[in-house]
Q: 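Pasting a structure here, questions to come.
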Amino acid sequence: MTHRNAFEAISRTFCDLMDIPLSGPKHKLFGGKTVIFGGDFRQTLPVISDSGRKQTVDGSITRSSLWPFFQVLKLSRNMRLNDSQDNRNLVGCGMNFGEWILALGDGRLPTKSFMPNTPSDWIEIPQILLIYAGKNPIESITNDIYDAFEEQHMSTDYLSGRAIVTPTNAVVTEVNDFMLQKIPGHCRCYYSSDSIQLDTEAPQLFAETYPTEFLNSLQFNGVPDHEIRLKVHTPIMLLRNLSPPNGLCNGTRILITKLGENIIVGNIMGGSFDTKEVVIPRIVLNVEDKRWPFILKRRQFPVRLCYGMTINKSQGQTLDKVGVYLPKPVFSHGQLYVAASRVRSAGGLRFLIENEEDIPANYTRNIVYSEAFTDIAPA
Ligand SMILES: Nc1ncnc2c1ncn2[C@@H]1O[C@H](COP(=O)(O)OP(=O)(O)OP(=O)(O)O)[C@@H](O)[C@H]1O
């Protein structure tokens, strides 16, 4: 979800455009224009780094001074789910798959606590949705989700319909590395050129304190790493909007057909630009992070392999097969709901859960900030 500050800024901008005062009796929200918002409060809330539950909920649109003026309309039918047998009755739950997803998102499923003085937010995942870890959990889940991979690994239909989703980027990298070594052919490495933005205060001092090797080692959410390893016929995801009118948006998935010295060529997978051939250049990404007193300039291809992706990144996707890999439980509101609600049917959803020894592997945490739902009144 977008932070409420962004919506408030749009409202003020519209007022300026329409010559409407920002306060007083003549003030009108969004300059008097009718604005339609779409959203689901069961999904992830604004991501605010180093923040806790209170700041996260406080960033949501329901905490905005705009909210009392919203008229809320509720959708009643889940259009993503198909009418297959496995959706009609989720074995072991006494409810259908659509009802189970809603109950999970609302925080209405029965919960347990496994340790004293810890939140009681562990829910049981139905046996029918589980895969067991075996000796190598990544191998177990990728074999299940990417079945018949040897024959199908070059098919856009096959690749665009499936993904492994997991809470953290570190595990996404493990999944992608595992899949990459299964692809035949030469692996090409692309290294970024990293520097500190020159208008940073005292650039010379920073250059001595933070040598290039250190800058290369930095990893950030949504920013390509210093080293990217790719092969032809692997799927990648764009990490920046390069050209939205041509389908090159943050999150677009592309199947690589050529790895050049200075360009990557591929075909878009899915959406209205499906199969379109596109060329991706290196770009300079400016990265600001509270942990560092400088702005990093990284020149790199804005892409990442996407056999696996974070749960947050998967929001908005509709897939045929999803493996939810939880080597650790989710850590924020809505993540489990987003992960479970990417598929069209229960038959396409599998969980692989690794818990500490004394917690059974059919239980996982479902974090729901119930206060994010309050004050949502139907029209
Ligand atoms: N009017 C419709 N008729 C048929 N199918 C639909 C319709 N609307 C949506 N769908 C199906 O539901 C899927 C999800 O739709 P869409 O991505 O618009 O929903 P969303 O609310 O943005 O989903 P989410 O936020 O959960 O990702 C689509 O891929 C499509 O298969």
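Counting from 1, the numbers follow the sequence of the chain as shown. Just so you know, ligand 1 is whichever comes first in the structure, and atom 1 is the first atom listed for that ligand.
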Q: Under 4.0 Å, heavy atoms only, figure out whether ligand 1 is touched by the backbone of R342, its side chain, both or neither.
A: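 The side chain, only.
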Q: Looking at atom 27 (O) of ligand 1, would you say a protein heavy atom lies below 4.0 Å from it?
A: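 Flag for atom 27 (O) of ligand 1 set to true, protein heavy atom closer than 4.0 Å.
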Q: Is the centre of the W67 ring less than 6.0 Å from the centre of the F37 ring?
A: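 That pair fails the under 6.0 Å test.
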Q: Heavy atoms of the protein only: does one fall short of 4.0 Å from atom 16 (P) of ligand 1?
A: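 Within 4.0 Å: no protein heavy atom nearby.
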Q: Is the number of heavy atoms from other residues, nucleotides or ligands within 6.0 Å of CD (E150) greater than 12?
A: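 12 or below, so no.
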Q: T318 versus ligand 1: do any nitrogen or oxygen atoms come within less than 3.5 Å of each other?
A: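 Right, the criterion is met.
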Q: Would a distance-only check, ignoring hydrogens and angles, find a side-chain to backbone donor-acceptor pair under 3.5 Å from H226 to S192?
A: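 Yes; judged by distance alone, with no hydrogens or angles, the pair exists.
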Q: Is R162 positioned over the aromatic face of Y158, cation under 6.0 angstrom from the ring centre and no more than 45 degrees off axis?
A: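 Because its charged atom sits under 6.0 Å from the ring centre and within 45° of the axis, R162 does stack over Y158.
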Q: Among the heavy atoms of G316, does any lie under 4.0 Å from an atom of ligand 1?
A: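 Per 4.0 Å heavy-atom rule, G316 contacts ligand 1.
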Q: Can you list the atoms of ligand 1 that are under 4.0 Å from a heavy atom of Q43?
A: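 The atoms of ligand 1 under 4.0 Å from a heavy atom of Q43 are 24 (P), 25 (O), 26 (O).
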Q: Identify which of R80, Q315, Q317 has a heavy atom lying nearest to atom 20 (P) of ligand 1.
A: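 Residue with the shortest heavy-atom distance to the ligand atom: R80.
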Q: Can you report which non-hydrogen protein atom sits closest to atom 1 (N) of ligand 1, along with the distance?
A: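 Residue, atom and distance for the closest contact: M79 CE, 3.9 Å.
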Q: Do other residues, nucleotides or ligands put more than 12 heavy atoms under 6.0 Å from K328 NZ?
A: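 No, because the 6.0 Å sphere around NZ of K328 holds 12 heavy atoms or fewer from other groups.
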Q: Which word best sums up how the rings of F301 and Y190 line up, parallel for under 30°, tilted for 30 to 60°, or perpendicular for over 60°?
A: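 Plane angle over 60°, so perpendicular.
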Q: Strictly inside 4.0 angstrom of atom 8 (N) of ligand 1, do you find any protein heavy atom?
A: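 Within 4.0 Å of atom 8 (N) of ligand 1, protein heavy atoms are found.
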Q: Give me the ring orientation class for Y146 and F149: parallel if the planes are under 30° apart, tilted from 30 to 60°, perpendicular past 60°.
A: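 If you compare the ring of Y146 with that of F149, the planes turn out perpendicular.
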Q: Is R344 close to ligand 1, meaning an N/O of one under 3.5 Å from an N/O of the other?
A: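 There is such a contact, yes.
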